[in-house]
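Working notes, structure below.
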Amino acid sequence: MDPKISEKAWNPELEKDILKQWEEGKIYEFTPQEDNYTIDTPPPYPSGRPWHIGAAAHYSQIDMIARTARMAGKNVYFPIGIDRNGLPVELYTEKKHKIRMRETERGEFLNLCREALDDLEAEMILIMKNLGISGDFANYYRTDSEEYRTLTQSTFIDLWKKGQVYLANRPNNYDWVSGTTIADAEIIYEDLPTKLAYIKFKIKDTDREIVIASTRPELLCACRTIIVNPEDERYTQYIGKKVIVPITNAEVELRTHHSAKQEFGSGAVMVCSYGDQNDVALFRELELEEIVAIGLDGRMTKVAGEYAGLKPKQARTKIIEDLETNGFLEKTEDIAHRTPVSERSKTPIEIIPMEEYYLKQKEAIEKIKNLGQEITFHPTMHKQILMNWLESINIDWPISRRRYYGTEIPIWYCKACSEPHVPEPGKYYKPWMEKCPISNCTKCDSTEFVGEERTFDTWMDSSVSPLFISKFNRDDEFFKKVYPTSIRPQAKDIVRTWLYYTLLRCEQITGQKPWSEAWIMGYGLDEKGMKMSKSKGNAIDPLPVIEKSGADTFRFWSASEINHGYDFRCNEQKIESTKKFLSKLWNVSRFLSSFPVIKSGKLFASDKWILSELGNLVKECKRGYDEYNFFVPAIAIREFTWNLFAAHYIEMVKGRAYGINFSDEERDGAIFTLHKVLSTILKLLAPITPFITEHLWKVLYSEKSIHKEKQVESESSYLEDFTQFTKEITEFNSNVWNEKKSKELSLKDSIAVSVPENLSAFSKDFAAMHNLE
RNA sequence: GGGCUCAUAGUCCAGGUCGGUUAUGACGUCGCCCUUACACGGCGAAGAUCCGGGGUUCAAAUCCCCGUGGGCCCA
């Protein structure tokens, strides 16, 4: 009989037609029912090409979750969103148009950002679709849409009214040339020449002096403590003693801290507000009171005494002279110091306390811990990342940013008395360009207001994604059916941010957990094991890879290479060679397509054997799918299909299936079993490689989509367990092949080998397979 | 500096909870073979002191301790 499939290999071009069929058939459409399975899909950020291959692997696997759930009979809601708020697009836009954000009119700058996002987004959606992602693209959302930003602002206003938000000073990176705070991402480090001053400090009530080396002697007036390493025996006897700061004569305590390096300078370090980020951490950890020594104008403040009004660099030169005159200076050294400078202005940044808004989180930590316990983590070990983070939180969450492309903080201040006013929730507000919706100041009755110019930290937006997708505040009935959602899939590196902030915000707003399960994936590393990033230049663009090898190849690679939860390496050659397995599957199907599909048949020994092995395979796949660990089924299916089914079973029953020298009953048993096994493999593989399984399924078994089928849960109708024979069967076949080889016989030549007694039930199949005499 | 995590052939990976045959499979390499599903294939071969050191044990890739190295997150 002619095979129904004539082509000799899987052609990834077919994926395009299949995509079209899915789209036209709307086979993944969602209508809410009483019981739903909602995926809180991570909205990817379009931050410029290439979208990295690790992300493509990540989304492929999220789709496998959706497909697994669907085949398990769940009503799957799989929203698709695009995250568009934040710094990266601002930097991208500045670079693309060679402009500076703060020198461009705000509205104009926002438009340029939006255009850039639109282009990048279109490509990203194309990649997701081509990967076969079965999400709801028709209703995809954007985190910068009016609807989304309304939600961010409304939830903020709600928390503001509950007293969860406050203003406080905290140290910020400040670029006094541009007159603005800058994000950590905008800082670069340069080795700049500077003087390292060795300054003598007197220990109070002793004759001893400590010499401290510092690159920032002008900050002596802001010195709050001296630290030494706890292991440093030179200072053991002075711990807890007072030390007198030269010039200012302030008395500060000498204490221990592990961050002081014994081998640097004298081993003692002065801690000032703020010489560097380490000082910031120490002030926070040791709960020191800060002294503001440098003002927003970039000059020394009045606490610097006679140095007030000088720029830090001038003050440094002068204070070194004064230290020398007064005998406090041991020596100076010229060194190259790794200095944080503003990427834009190239001037050293200063760390200066500034007023920012904070969202209270410290009081919520216990609640979040309990909430975390209610959530199942896949894999369980990654729950620890959250728990460790909860242990180490020691400040509230700073939520305001001096940026443009983000959700505006909805506050207006009274011009007369500065009283802040928040508007009613339910609308999207832009205080930097809109009139205050409140007519009179609640405090002084004045009618003049000025709008807040700052935006929110982007996690303020991202952290309400479960509320947005479940239509919180927009559709109560829908919300009740969908929230709490079912699963949050996300990458490991943002457990402390996205996962944690979502728990925090959703708890604050709804009092409930946002999802029942969290699914945490590792990072995509390059061939050498380094994290891929655009700046390192080691990121692989997924688009050409997918175009060349096809989505299913890419997806199967992703499943078979990534053990869930662990980091994984990406290698293009490996991806390409994964295609071989799909070829194998294709050709097995091509062979089977020459036989009619038979609903039942009498089973013979070989049939019972392969069906027993199939039973094991089904069990193994279920184990993996239950955990959403696709590595397990991918490896098991490849192993079974290639090394047992194709290599041994098909060879053993080929003669029987053709019916040469076999009865009809014997022939039908083989044909039935062949189709039984292949159709089961296709279903087991459908969540991982949705295209090729769909194609083969439709050609061989049904007009209906395989993605509407229920997953095989067990294969127990064949009670006799024949898996005990597996080893002997494969060894016997191998022996015959070797025997023929050593006698330089062709495989079709006949040979005299006797079948072991144990395997006598299989002897007729063996005889036909090997042409045994 | 703190935390998490990993270490098995040229490369990737399984096994590790619960110690016990010859350490799994794939990619790559090499040799032979067009055998009517497949040369994007078949058969076969070579290739691993399971990171180092110590301990527990009749027995350790596996359990315990101490190192070393990589990765990521935080500071």
Side-chain angles (χ1 to χ4, degrees), chain A residues 3-11 184 229 257-261 276-282 284-285 379 381-389 391-394 491-497 520 522-533 549 553 556-557 560-563 565-595 631-632 634-636 638-640 642-643 645-647 650-651 654-655 657-658 660 674 678 727 733-742 744-749 769-771:
Chain A
K4 279 195 207 163
I5 297 169
S6 53
E7 304 79 15
K8 283 196 167 187
W10 163 242
N11 180 4
D184 291 345
N229 194 288
H257 194 270
H258 55 79
S259 69
K261 292 191 188 99
D276 57 25
Q277 280 298 337
N278 194 41
D279 283 342
V280 177
L282 284 164
R284 189 181 301 156
E285 187 182 329
M381 69 175 177
H382 286 334
K383 185 182 273 193
Q384 204 53 40
I385 303 175
L386 173 69
M387 292 304 163
N388 290 347
W389 176 235
E391 287 301 330
S392 66
I393 290 174
N394 55 22
K492 189 168 97 184
D493 50 350
I494 52 175
V495 168
R496 292 162 172 225
T497 47
I520 313 293
Y523 324 103
L525 308 175
D526 71 5
E527 290 175 44
K528 296 187 193 86
M530 306 280 250
K531 191 181 188 185
M532 279 197 257
S533 69
S549 312
T553 299
F556 192 80
W557 165 79
S560 63
E561 193 81 5
I562 304 173
N563 199 351
Y566 294 94
D567 299 347
F568 55 95
R569 298 192 187 193
C570 302
N571 181 322
E572 285 182 74
Q573 191 222 330
K574 266 265 171 82
I575 297 171
E576 180 62 22
S577 55
T578 307
K579 211 170 165 184
K580 291 184 169 189
F581 172 67
L582 298 189
S583 256
K584 194 74 202 177
L585 182 69
W586 179 268
N587 279 299
V588 166
S589 307
R590 187 164 101 99
F591 172 63
L592 290 215
S593 75
S594 26
F595 304 104
F631 186 78
V632 172
I635 297 284
R638 183 177 59 194
E639 202 69 18
F640 172 86
W642 210 322
N643 296 340
F645 185 51
I650 291 182
E651 295 302 330
K654 203 182 267 177
Y658 282 129
I660 306 162
L674 284 166
L678 179 62
K727 204 176 169 207
N733 286 333
S734 205
N735 286 343
V736 178
W737 286 322
N738 270 328
E739 191 70 20
K740 285 192 177 177
K741 181 163 244 187
S742 67
E744 295 190 338
L745 292 171
S746 156
L747 286 179
K748 62 185 171 185
D749 292 338
M769 171 184 184
H770 295 297
N771 195 7

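At B:rC38, one or more side-chain N or O atoms of A:R590 fall inside 4.0 Å of OP1 or OP2 (strictly under the cut-off). Taking side-chain N and O atoms only, A:K492 has no distance below 4.0 Å to OP1 or OP2 of B:rC73. A close approach under 4.0 Å does occur between a side-chain nitrogen or oxygen of A:R569 and OP1 or OP2 of B:rC12.
Computed from coordinates, the A:I385 CD1 to B:rG3 C1' distance equals 10 Å when rounded to whole Å. The distance between atom CG of A:L592 and atom P of B:rA37, rounded to the nearest whole Å, is 11 Å. The distance between atom CD of A:Q384 and atom C1' of B:rG2, rounded to the nearest whole Å, is 14 Å. Between the CZ atom of A:F645 and the P atom of B:rC38 there is a distance of 16 Å, rounded to whole Å. Between the CZ atom of A:F591 and the P atom of B:rA37 there is a distance of 6 Å, rounded to whole Å. One atom, NZ of A:K740, and another, P of B:rC43, lie 13 Å apart when rounded to the nearest Å. Put simply, CG on A:D749 is 18 Å from P on B:rC43, counting in whole angstrom units. The interatomic distance linking A:M387 (CE) with B:rU5 (C1') rounds to 18 Å, in whole Å.
Within the shown strands, nothing qualifies as a pairing partner of B:rU62 under the Watson-Crick or G-U definition with both distances less than 3.5 Å. Nucleotide B:rU21 has no partner under the Watson-Crick or G-U criteria, as no pair reaches both atom distances under 3.5 Å. Base pairing of B:rG28: no nucleotide in any strand meets the Watson-Crick or G-U wobble criterion (both distances under 3.5 Å). The nucleotide B:rG67 finds its pairing partner in B:rC51, both defining distances of the Watson-Crick or G-U wobble pair being shorter than 3.5 Å. Figure legend. B:rA14 is base-paired to no nucleotide; pairs are counted as Watson-Crick or G-U wobble with both atom distances under 3.5 Å.
For the pair A:F631 and A:W389, nearest-nucleotide mapping onto RNA chain B gives the more 5' position to A:F631. Looking at which nucleotide of RNA chain B each of A:E651 and A:I635 is closest to, the 5′-most match is held by A:I635.
A donor-acceptor contact shorter than 3.5 Å is absent between the side chain of A:R569 and the backbone of A:G524. Looking at A:N587, its side chain never comes within 3.5 Å of a backbone N or O of A:A9 through a donor-acceptor pair.
As rounded to the nearest Å, B:rC64 and B:rC18 have P atoms that lie 9 Å from one another. Spacing of C1' atoms, B:rU17 relative to B:rA61, comes out at 15 Å, to the nearest Å. For the C1' atoms, the distance linking B:rG16 with B:rG42 amounts to 35 Å, nearest Å. One C1' atom belongs to B:rU22, the other to B:rC27, and the distance between them is 24 Å to the nearest Å. A gap of 13 Å separates the P atoms of B:rU11 and B:rC51, to the nearest Å. Between the C1' atoms of B:rC4 and B:rA14, the separation comes to 23 Å (whole Å). For the C1' atoms, the distance from B:rG52 to B:rU8 is 15 Å, rounded to whole Å. The same atom, C1', is picked in B:rG47 and in B:rA9; the two are 5 Å apart, to the nearest Å.
Taking the salt bridge (charged side-chain N to carboxylate O under 4.0 Å, His left out) definition, one finds that A:D493 meets it with A:K531, sequence neighbours left out.
Note on ring orientation: taking the six-membered ring where Trp is involved, the planes of A:H770 and A:W737 are perpendicular (angle over 60°, cut-offs 30° and 60°). Ring orientation note: the planes of A:F640 and A:F645 are close to parallel, at an angle under 30° on the 30°/60° scale.
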Run the side chain to side chain contact (heavy atoms under 4.5 Å, CB included) test on A:V495 and A:W389 for me, step by step, so that the C-alpha distance in whole Å, both residues' side-chain angles and the decisive distance to 0.1 Å come before the verdict.
CA-CA 9 Å; A:V495 168; A:W389 176 235; over 6 Å; no
Carefully, step by step, assess A:C570 and A:W557 under the rule side chain to side chain contact (heavy atoms under 4.5 Å, CB included).
CA-CA 10 Å; A:C570 302; A:W557 165 79; 3.8 Å; yes
Side chain to side chain contact (heavy atoms under 4.5 Å, CB included), that's the test. Do A:K654 and A:M769 meet it? Break it down for me.
CA-CA 7 Å; A:K654 203 182 267 177; A:M769 171 184 184; over 6 Å; no
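In this structure, A:F581 reaches neither bases nor backbone, as no heavy-atom distance under 4.0 Å exists between it and the strands shown. Backbone-only engagement by A:S734 is indicated by non-hydrogen atom pairs under 4.0 Å involving sugar-phosphate atoms exclusively.
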Which parts of nucleotides 20-33 of chain B does protein reach within less than 4.0 Å, heavy atoms only, written one letter per nucleotide 5' to 3' as B for base, S for sugar-phosphate only and - for none?
-----SSSS--BB-
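The side chain of A:K8 sits closest to B:rA39 out of B:rU5, B:rA39, B:rG71. For A:K584, the side-chain atoms get nearest to B:rG42 when compared with the rest of B:rG44, B:rG42, B:rG3. Side chain of A:L747, nearest nucleotide from B:rG42, B:rA37, B:rG3: B:rG42.
Residues A:I635 and A:S560 come closest through the heavy atom pair CD1-O, 3.7 Å.
Note that CD1 of A:I520 is 11.0 Å distant from NZ of A:K383, once rounded to the nearest 0.5 Å.
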